[in-house]
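Each remark here refers to the structure printed beneath this line.
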Amino acid sequence: HHACLETHGVVVDYSGGDKATVYASTQGTFTIPGEAVRELGLDGASSVTSVVEYMGGGFGSGLRPQFQVVL
């Protein structure tokens, strides 16, 4: 029975404007800006800073940002 042991969490610091910071637990550090730009309607990936202190997803569940980024 496959079950992830690590938690998946995301905090987005965004109060409008053209910049956002995304704190996430994922291996997909380079895919976060693209996802956040699309969802927040920002100009480009340089508008988003991703911070990943704890990388989870050793079994593939943390390879990319999940629904938490969108929420």
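When a residue number appears, it is its place in the shown sequence, counting from 1. Predicted model only: the values in this text are computed from it and were never measured.
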I'd like to check V22 versus V51 (side-chain heavy atoms, cut-off strictly below 4.5 Å). Are they in contact?
no

Checklist line | Any V48 side-chain heavy atom under 4.5 Å of L42 side chain | finding: yes

Side-chain heavy atoms nearer than 4.5 Å, only ILVMFWY residues, links allowed to pass through others: does that put L40 and V37 together? yes

Return the CD1 to OH distance between I32 and Y23, rounded to the nearest 0.5 Å.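 Going from CD1 on I32 over to OH on Y23, the span is 12.0 Å.
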
CZ (F30) and OG (S50) are apart, to the nearest 0.5 Å, by 7.5 Å

Indicate every side-chain donor-acceptor pair of residues 11-19 with a distance under 3.5 Å to a residue at least two apart or in another chain.
{"from": "Y14", "atom 1": "OH", "to": "G17", "atom 2": "O", "distance (Å)": "3.4"}

